[in-house]
Amino acid sequence: MRERKTATLTYGDKTLELPVLVGSEGEVGIDVTSLEKDMGLLTFDPGYANTGSCQSAITFVDGEKGILRYRGLPIEQLAEKSSFIETAMLLIFGKLPTAEERTVFRALLSDHELLHEGLLHHFDGFPPGGQPMAILSAVINSLGNYHPELLEIQSMDEFTMAVAKLISKVRTIAAFSYRKSLGLPFMYPDPNLSYCRNFLHMMFSVPNRDYEPTPQAVSALSLFLVVHADHEQNCSCSTVRMVGSTQANLFASVSSGICALWGRLHGGANAAVIEMLTQILSGRHKVKTFLEMVKRKETRLMGFGHRVYKNFDPRARVLKKAAHELVFQSGIHDPLMDIALELEETALSDEYFQSRKLYPNVDFYSGIILRALGIPVNMFPVMFAIGRMPGWIAHWREENRDPTTRIHRPRQIYIGPPRRPYIPLDQR
Ligand code: ACO
């Protein structure tokens, strides 16, 4: 990042020249690192909407223009031409792999797709119907215990090994958590299948019958994972970086990212979209009356709006097209798709949404794709977590290798009571 000019801050009788940083796409940030030391001041930015927490070379988002690029490559090109594994390698290792590198990495994923049998007992500790997201986070954290040699990563080889284990096993753990929640036997991974096919096999095959997904279903799953693979400093990524800044291990750090992703305003939004569309389908509300409720702020239009995008989320465009194609190819009409299209059209022509720059986000159509793949709603955030794993790993690594990293420790403006004496119990 180039340093250019300074910004001048005046407070009381003091003036401070603050360095200005300019990113490779022209983003400008004022470096306030010395603010407290030199002026005795803090910045106040609830929700960190104006705070650059780090310098990063992984993902670029321009929310005004609706641009998303991983390592410089536009999401539209990756969605059309790449696969999830190739995109994961791009994010984590910084460049598109050669054919040989990709083959070696795929083989590594196959080598590490099984779970230690001891780890399987963890699944028994969860009640019937247990939330797959809780299982995923707990088992990913426990995974580190089974690989103590990777708790302190010292070399590129160790890092690559940890990456292979996480990317491969997150899919196995996710599928097993689903099987466990239904009381079905675990289907072990098949090393002869591609990453996405293997996942669908572990989800839907039964011991006496192999599940045979269509090629379109496999491609749609890969696309879903590609567009979810990273999104710069969002809540779960920032959580991973924050936990990682304490020098916590990679497994613990990404496990905390899974917890952050769980909420309805983040990775839980795709399930909330389906819930909302289902309510409308059931006749509880009409599209117009539902939108009136949204405008009265009685509820939110789930899958709409974004902290950064004030234009179309490019992922929503890609997924809308894919959802259309998949629903059409499957030959099974999904009435929720019709409602989604009507909601989108009506909202986009309404002043409330226009003036607030609220557009469909990645979650608006992703649930339709997952439904067409037969994925149950309580697995939706888990699917997001599988997709986001490469991004979390890339950010953890970037921060871990950055010599300027300090433990994340935001400040506050204290508004509680001033100093007061302790009152003994019998005098209160
Ligand atoms: N429906 C209705 N109104 C909305 C919505 C929405 N989905 N999103 C924002 N608004 C309104 C707010 O009420 C607010 O209106 P006001 O100015 O009259 O008070 C204005 O738009 C600005 O909203 P904020 O809440 O300040 O926006 P913020 O950046 O904090 O929130 C968020 C972003 C959480 C994504 C929000 O748009 C939202 O709740 N969307 C629905 C949930 C969702 O789809 N989440 C997934 C996000 S993408 C992801 O995590 C992968």
Side-chain angles (χ1 to χ4, degrees), residues 45-51 59 61 63-64 66-68 70 75 133 223-240 257-277 279-280 285 287-320 323 336 339-340 343-370 377 380-392 395:
D45 184 19
Y48 311 127
N50 297 293
T51 295
T59 288
V61 176
E64 290 297 331
I67 293 173
L68 169 60
Y70 298 160
I75 191 66
M133 217 39 186
L223 176 80
F224 171 92
L225 297 176
V226 165
V227 301
H228 284 83
D230 192 39
H231 209 243
E232 50 117 306
Q233 312 304 322
N234 57 80
C235 183
S236 57
C237 169
S238 298
T239 302
V240 170
I258 294 170
C259 296
L261 188 70
W262 198 348
R264 275 170 72 87
L265 297 187
H266 193 10
N270 50 15
V273 169
I274 295 299
E275 199 183 300
M276 172 186 79
L277 297 176
Q279 280 187 10
I280 296 175
H285 312 290
V287 163
K288 279 228 155 71
T289 43
F290 179 79
L291 289 179
E292 289 307 319
M293 284 165 56
V294 170
K295 285 155 62 177
R296 289 197 300 273
K297 298 195 192 288
E298 291 164 19
T299 184
R300 283 209 162 186
L301 176 53
M302 300 309 287
F304 254 67
H306 197 275
R307 171 59 62 79
V308 180
Y309 291 118
K310 302 302 167 199
N311 197 324
F312 251 93
D313 178 339
R315 303 168 299 175
R317 279 191 211 278
V318 168
L319 289 180
K320 180 179 177 181
L336 296 192
I339 294 174
L343 259 181
E344 180 191 343
E345 197 186 326
T346 316
L348 290 180
S349 57
D350 189 301
E351 196 277 334
Y352 175 96
F353 299 92
Q354 288 172 349
S355 61
R356 288 169 179 77
K357 299 188 177 176
L358 300 171
Y359 292 88
N361 61 44
V362 67
D363 295 307
F364 198 67
Y365 286 103
S366 64
I368 307 260
I369 294 185
L370 295 178
V377 172
F380 283 14
V382 170
M383 302 304 296
F384 194 149
I386 300 174
R388 187 53 58 88
M389 189 57 76
W392 290 332
H395 283 275

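Whatever order the structure lists them in is the order used to number ligands and atoms, beginning at 1.
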Tell me the contacting part of [X] for ligand 1: side chain, backbone, both, or neither, using a 4.0 Å heavy-atom threshold, strictly below.
X    : value
F364 : neither
L358 : side chain
V362 : side chain
R300 : both

Tell me, which protein residue and heavy-atom name are nearest [atom], and how many Å apart are they?
atom                    : answer
atom 45 (N) of ligand 1 : L265 O, 3.2 Å
atom 20 (C) of ligand 1 : R356 CD, 3.9 Å
atom 3 (N) of ligand 1  : Y352 OH, 3.0 Å
atom 35 (C) of ligand 1 : G305 O, 3.7 Å
atom 33 (C) of ligand 1 : R307 N, 3.8 Å

[X]-ligand 1 polar pair, N/O distance under 3.5 Å:
X    : answer
F304 : yes
D363 : no
K310 : no

Are V273 and Y365 close enough that some pair of their side-chain heavy atoms sits under 4.5 Å apart?
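A side-chain contact under 4.5 Å is absent here.
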Expected output: side-chain Y70 to main-chain G391 donor-acceptor under 3.5 Å:
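Not a single qualifying donor-acceptor pair exists.
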Specify whether the nearest protein heavy atom to atom 26 (O) of ligand 1 is under 4.0 angstrom away.
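No.
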Closest approach of P381 and L261, non-hydrogen atoms and distance?
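So the two residues come closest at O-CD2, 3.8 Å.
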What's the shortest heavy-atom distance between L343 and F290, and which atoms?
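The pair with the smallest heavy-atom distance is CD2-CD2, 4.2 Å.
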Which residue from [options] reaches closest to [atom] through any of its heavy atoms?
atom                    : options                : result
atom 6 (C) of ligand 1  : N361, L301, L261       : L301
atom 42 (C) of ligand 1 : H231, H266, H228, M302 : M302
atom 13 (O) of ligand 1 : K357, R315, K297, R264 : K297

Do the rings of F312 and Y359 sit parallel, tilted or perpendicular, given the 30° and 60° boundaries?
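Tilted.
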Check the angle between the aromatic planes of Y309 and H231 and answer parallel, tilted or perpendicular using the 30° and 60° thresholds.
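Taking H231 first and then Y309, their aromatic rings sit tilted (interplane angle of 30° to 60°).
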Rounded to the nearest 0.5 Å, how far does CZ of R296 lie from CG of L291?
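Here the rounded value is 11.0 Å.
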Could you tell me which atoms of ligand 1, counted from 1 in the order shown, lie closer than 4.0 angstrom to a heavy atom of V294?
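Reading through ligand 1 atom by atom, the close ones are 1 (N), 2 (C).
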So, Q233 and Y48: side-chain donor and acceptor under 3.5 Å apart, yes or no?
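No.
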